[in-house]
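First listed ligand is number 1; within each ligand, the first listed atom is number 1. Because the structure is a prediction, the values reported are computed rather than measured.
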Amino acid sequence: MKNNVLITGGAGFIGSNLVLRLLDLGCSVTVLDNLSPQIHGADPESSPLYMAIKDKVTFVKGDVENESDWQKALVGVDSVIHLAAETGTGQSMYQIKRYSDVNVGGSSIFLDFLANNPHGVSKMIIASSRSIYGEGKYHCFEHGEVYPVERNDEMLEKGDFEVKCPICQSNVKLLATDEKSKIHPSSIYGVTKQVQEQMFMITGKSLGIPTVSLRFQNVYGAGQSLSNPYTGILSIFSTRILNGNDINIFEDGLESRDFVYIDDVVESIVLSLFNKEADYQIFNVGSGVATDVMTVAATLKSIYKSNSSISVSGNYRVGDIRHNFADLSLINSKISFAAKIDFDAGMKLFTDWVAKQSVKEDLYEKSILELKSKGLYK
Ligand code: NAD
């Protein structure tokens, strides 16, 4: 039984939910988190996520880029769940150094510390991401299983949004992406998650520390930042609607993602932590269902009984993928994980939670202006 768990980024969305679940299971929890204002707002010490956990854990306010903060946080710890990261796909395309420093640099400082110092760590879990797949797996009637490359401006400007067979350019059918699918990220964020995962898996093996990588799909639910305009379309749409603003959907609205509810994600981490069958494995974590973005926006508009209009403008972001959903056979066979909360139930839980929060300032247009000024929104 792993009892003394360090969760980096434990004040964030996934982390704070995980903290409460591990405490329920009788673990002692240490959190290392810098309370980043992008997630926790201008007065991070009073953010609801931090308030919900701060008296229940050993809280180390610190940065994963500082070895001394890791050292403080690792005292008495037997397991590390590394969640702290910069997480915005679009933002990563113009804050390349920051994303690399935090995600890759932070991981390297920790792993280097383990390799060169006495420590008690006997299990590690790294939060990876579906973004490492870029465009996932597809079927071409002529060429079988294929991995489409990033779409080019010429296609996207014409409104031709669907990916094509990389060999014959014909239309292809979306398949569930499994863990053996090609890794070819199309964003800097995706590159940093790929490198983080590889660094953890390689170092875990070389030091004999059982390590698990979890490739999360799009996680949503209670605790998601409602003020961060850089990531999380459910919260971005919710904040726009609740401010009375209209929603402009990228591309044609038919791009899809695999939305997985936070409770299912927390369960996947708990199963991976306590189950030896998970050791040295890399798992997809998702719902296994693709849902298009138009459906997400329309469902939120209907639940909030909003008059906001929803339009599709044909605009697109450089680095975005068209579709992705997870094949969950491996995690199901090894540790019996299956998502329990479907899209309708999850949307109800999420919007019930949003209704209890204060309405946040809508910073979305500012984030789009940033992307435009860098030539990353067209
Ligand atoms: P989040 O932004 O809600 O939480 C991240 C936490 O890390 C925040 O509390 C932040 O203050 C902290 N943090 C950021 N930079 C830090 C630093 N330099 N030092 C210390 N703490 C720092 O993110 P989340 O949604 O909970 O995601 C957690 C992990 O899961 C991340 O690694 C992310 O890449 C991965 N992931 C998330 C999703 C998703 O849909 N939420 C999908 C795929 C992968």
Salt-bridge criterion met for Asp153 and Lys378 (N-O under 4.0 Å) |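 Here Asp153 pairs with Lys378 in a salt bridge, since their nearest N and O are under 4.0 Å apart.
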Would you mind listing every salt bridge (charged side-chain N to carboxylate O under 4.0 Å, His left out) that reaches into residues 233-254, with sequence neighbours excluded?
->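 Residue pairs passing salt bridge (charged side-chain N to carboxylate O under 4.0 Å, His left out), neighbours aside: Arg151-Glu251, Arg240-Asp362, Arg240-Glu365, Glu251-Arg322, Asp252-Arg322.
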Contact list for residues 8-30, test salt bridge (charged side-chain N to carboxylate O under 4.0 Å, His left out), sequence neighbours left out |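 As it turns out, the salt bridge (charged side-chain N to carboxylate O under 4.0 Å, His left out) pairs with a partner in residues 8-30, which skip direct neighbours, are Arg21-Glu267.
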Do we see a donor-acceptor contact under 3.5 Å between the side chains of Ser329 and Asp327?
->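 The answer is yes; a qualifying pair exists.
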Using the test side-chain hydrogen bond (donor to acceptor under 3.5 Å, both in side chains), find all partners of Ser46 that sit at least two apart in sequence or belong to another chain.
->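 Residues passing side-chain hydrogen bond (donor to acceptor under 3.5 Å, both in side chains) with Ser46: Asp43.
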Just say parallel, tilted or perpendicular for the rings of Phe110 and Trp70, cut-offs at 30° and 60°.
->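 Aromatic pair Phe110/Trp70 classed parallel.
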For ligand 1, what are the residues with a heavy-atom contact below 4.0 Å?
->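 Under the 4.0 Å cut-off, ligand 1 touches Gly9, Ala11, Gly12, Phe13, Ile14, Asp33, Asn34, Leu35, Ser36, Ile39, His40, Gly62, Asp63, Val64, Leu83, Ala84, Ala85, Thr87, Val102, Ala127, Ser128, Ser129, Tyr189, Lys193, Phe216, Gln217, Asn218, Val219.
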